[in-house]
Amino acid sequence: MSNCGNCERTGTCVSVHGSINEMQDRASAMGVDTVFDRYQLQQPQCGFGMQGICCQLCSHGPCRITPKAQYGICGAGADTIVARNLLRLAVHGAAAYSHHLEELARTIKATAAGKTPFSIGDEEKLRQIAGIIGLDAARPAAELADQLADVLLSELRKGSDEPLALVKLFAPKTRLEAWEKLNVIPGGVLSEIRDALTKTMSNIDTDPVDLLLTTIRLSIATGYMGLVGTVTAQDILLGTPALTRSEADLGVIDPACVNIVAHGHVPLMATAVIQAAKTPELVKLAREAGAAGIKVYGSMCTGQELMQRSAGSAAGFAGQLGNWIVQELYVATGAVDLVMLDMNCSIPGLKAAADRFHTRLVSVDRIVRMAGVEDHVDYEPEKAARQAEELVKMAVETYKKRGKDIHVPQAKSAAVAGFSVESILGALGGSLDPLLDAVKNGSIKGIAAVVGCTNNRNGHDVKSVTITRELIKRDVLVINAGCCSSATQAEGLMTPEAANDAGPGLKAVCQALGIPPALNFGSCVDIGRIGVAVTAIANALGVDPSALPVAASAPEYLEQKAVADGVFAVAFGLLTHLGPVPPVTGSPLVTSILTKDVEGLTGGRVMVEEDPVKAAEAIYAHIMEKRRGLGI
Amino acid sequence: MVRHLIIGNSAAGITAAEILRRLDGRAGITVVSDEAEPAYSRCLLPDFLAGRKTGADLRIRPADFYAGNRIDRVSGRVLRVDPRSRQVLLENGGCLDYDRLLIATGARSAFPPVPGLSGPNVTGLRTLADARKIVQLAGNVRRVLVVGAGFVGLETAYALYNRGLEVTVVEKMPQILPGQFDATAAGILQRDMHAEGMRIILGAGIKEVLTPSGFLNFFNKSAQGVLLDNGDRLKADLIVVAAGIRPNVELVQDTGISTGRGITVDQFMRTSVPGVYAAGDVAETEDVVTGRVGLTPIWPNAVSQGKTAAWNMAGQPRPCSGSLGMQNAVEFREIPSIAMGITQGGDPGLEVVTAGQPGQNVYRKLVLRDNVIVGMILVGDISGAGVIGALIRKHADVRKFKDDILRGRFNYGYMLAEMRNAG
Amino acid sequence: MKSIMIDLDACNGCLTCTLACAAAHSRSGSIVGAMQEKTPARIFIEAVNGRAVPVTCRHCEEPACAEACMTGAMRKDSLTGLVSNEGHEQKCVGCWMCIMACPYGAVTAHPRERVALKCDGCPGLPQPACVAACPNRALRYEEPAFFAAGRSRDAACSAAQAS
């Protein structure tokens, strides 16, 4: 079954990855329903929903904007309904990122008190950030960390009338000017979420333009707290990523071992489990059960976080299985004993797949719940060490129930990981200049962040991999984060050898530095890292981010966090490509603002292009235009 | 006024009569048949056997059909057609004149040449009279042997099983439904029948029917039975033979009307003699898939041929769209299934693709030649079968949709979209 | 004779027609009631590479379903032109011959009863329920010639002619 409709091959072709097609065949033969099967059953999908012109807020609804009914019963037109729906999506994203950051701040506080299995992973960064936000950077690390966590928590919780410190401190000056003009410099994130939710109630804010500005404001709050704040705090706690090697794709699964998969976005419990899995008594337990050892694999963004830090706090990480769509299929190997579900992206379909095998699902975050999943080891920083041990023991017990029907695809690829602004600086000898020179002399035409989710709308990972390939071919350095990272990793694009697929300029730079043409920045939260990098480059060149030869692309965006990310990128001044058409096309006004008019306000805009080759061409054209603007 | 005479009062004959009336309000239309009943559905005879339907329930047209359409009915068996005098001679000595004649005499059960396969407790299932006979016998017997595991045989077996009889089906070939289904599909359906409690013996033919006295010697019991060609013996109080059919062509012998196994017709349903047409199970037509001329004795083909004959008899020439062989829909218990065209691979020019989970009673198979579907089997999910049938009839190149068809996702919308793109 | 005409460009796959169809054939007569009764719809919004394409019975001049029907239940009414297996002396037994015959896939098996299911044209209503409910005017109840004149370039009419 082919989802793209572009080729005539028979046989399963749901994904760009051979391993996934292979596993989908197995799942079909076993009668295990997957995202791919259910996607087909949902076709065709309702055009009103697709265009965002369905409103279900009040009991008069659902109302839809149709040729005969241009307004809902309350009088809301397409513009209002679309903008309001969009803002509600962004609210979800902002809330989820805030949860992540809160868990992190709590963990830092507990760690500072010596109550967790963690230690401060990057003291230098702690002192640096503490200094910037006005703390006494000379204080002992534990005390400083505790204070920093308090600052983060209070920033999250303060009123919407109190501007966020991180925005003021970290945003380029030119951005601040643009945002001040629009009155979109946000206050405390939770207050912003409250305001946005209130505005999107029936008949409170029905002005589509104000709703869009609110979306931008909320997304800036998300960008600086949920993204930049979270990344920074995570680096301080777990260590800043350093260059390392790992492996990706389903072939990394070792059927001889007790196999634990860390799935989700918040790598805290997972890091504790990796550490616990190395303790001799637990390894002994696993051997007694007949296993060769214990392995902890990554899935989705939690996996990327672990891979990024596998030279440090996550040493022993056994490799990345895949992204969002892969979850049911790695369970279908029959060789996964326990999946720990942390916040975000554990699909209900996973339970049905797990029930078909012996696989045990355990939620490890108090807000993650799934019907039928009865094991909850909800992460608590102070108990994390014991909880991790309990999880490993559960996995060993479950391993004993493993069936005989096991099939692990052969496919796997090496991957270089651990890129961050700091590790790139390290690789460049402490200065951004070599990179900037390469951009200036045209060896590298520009930088594109190909990030975000995976999506079946045009075949799993087809677009993210194609765009990445097309961009590097055009000498555009690609930065991947989120589910896109898993996509390009599995296809070998994160190996230095992939430089051979790049254009001559980029190829030479990659070969000189020994880096891949697609750099792994990590999870979707690590999109914040890209913001930091772009800010650094903009500052180095003394221009606004919108003037840089850079662009963002979310070729397979799926869920609400990505909406907040995407709007943030636009607010940040970037051309932001989206693959799937967002549910805004029912409103000419919103569509026009997002794809055209907003450029005059923030310098960024949304570009929707479903064809990945055309999208790459458009991104390249944008980059070349910006180069001309800079006179390079 | 044109006088149309139709021999036969089933699918082909009744359809022809109906359409002739629609096309020509003034023509004389006479239907002669050796069955006294109004036209009934042979396909529903198993329902009659099972007791779900009465004889009146089997009628395929409203009660006032003949009168309302001014169709004369003559009861009687036709002995011979005389094309020279444009008459048909009846067994009762009468004769009927015609201007145009349609022979739709159908077929009868073919009995294999097995010693002893006759007598009061041996019957086919072809007519309502056969069915009535079986019902009458069923009250006094316990064990039924059905010879042949084709559709009629299995339907009969189910019907009698549902009446509470012990049923054994004996089939010469190594699978049930050998004419239509492949081994995988047959296996799914057979598993279902076994679960129901029916006994099926495959790969064995009947060697001899033992008389009560002969059987007595083996078992010392007063029962009839059969000896299989594998040496096994089975008791049976009633034997229903469902081992194929033989077209009723005797009435055209020595008339100059060409015959093969059935009566040879062209695509206008004309026989080799002007003014004489044939349609239905008695006629040999060209198969749309194989191009071979032969019998395709199934209801929709009979109706389609009867319709074509009527148009041409009425002087409005129209070719028949061709017969699609071996198509059939069955539903034994809960598993619907359909087979069309060539369903076995084997030929090196044929591509065979399959999908589904036979273990869960879902199976799909396509047989293609140069990306044109020539046959298919659907078990479990039969939705849209006719759309695939249309592709077979049109010899459509399906390379773009092969996988969608195999996975059960293809639908008529694809064709609409294609037409729109082409337009 | 009026029939259901389909404007492919206008259909956005909202499925309202299927809900209205089910409602019209449900005991309750309402959409929510039909969903609770699980009344099946008789019009289908099929997916072609994600695009919505309505498929329903065309009440053919020479209906293949009626030709295949071995009970006589499926019949075209000479007055209304509607093809249906309901409301006749002969009863449908669910042999699925019509499903095998219909080149449009417009006849389906009832999900729970042993009876074939198809559009009955909503006799008694001024226009079929699906047409009345379509918010996009993708379904119209018109004379084919009128529809063709109104949208001469529309592929839907070529499809209608092809039937």
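A note on names: the letters A, B, ... follow the listed sequences, proteins ahead of strands, and every chain is numbered from 1.
The 12-atom threshold is not exceeded at NZ of C/K2, counting heavy atoms of other residues, nucleotides or ligands nearer than 6.0 Å. Applying the 6.0 Å contact sphere to NZ of A/K614 captures no more than 12 heavy atoms from other residues, nucleotides or ligands. Within a 6.0 Å radius of CD in A/E610, other residues, nucleotides and ligands contribute more than 12 heavy atoms. Summarising the local packing, CZ of C/R27 is surrounded by 12 or fewer heavy atoms from other residues, nucleotides or ligands at distances under 6.0 Å. Other residues, nucleotides and ligands contribute more than 12 heavy atoms inside 6.0 Å of the NE2 atom of C/H88. Heavy-atom contacts from other residues, nucleotides or ligands closer than 6.0 Å to CZ of C/R137 number 12 or fewer.
Between atom CD of residue A/Q51 and atom SG of residue C/C14 there is a gap of 11.5 Å, rounded to the nearest 0.5 Å. Distance check: A/Q43 CD to C/E46 CD gives 12.0 Å after rounding to the nearest 0.5 Å. Atom OG1 in C/T16 sits 6.0 Å away from atom CZ in A/F48 (nearest 0.5 Å). Rounding to the nearest 0.5 angstrom, the gap separating the CD atom in A/Q45 from the CG atom in C/L15 is 10.0 Å. Summarising the geometry, atom CG belonging to C/N12 is positioned 7.5 Å from atom CD1 belonging to A/I53; distances are rounded to the nearest 0.5 Å.
By a heavy-atom distance cut of under 4.5 Å, A/R64, A/T66, A/P67 are the residues of residues 58-67 of chain A near chain C, going up by number.
Partners of A/T454 by side-chain hydrogen bond (donor to acceptor under 3.5 Å, both in side chains), not counting sequence neighbours, listed by chain and number: A/D461, A/E556.
Nearest approach of A/P44 to C/A47, heavy atoms of both residues: N-CB, 3.5 Å.
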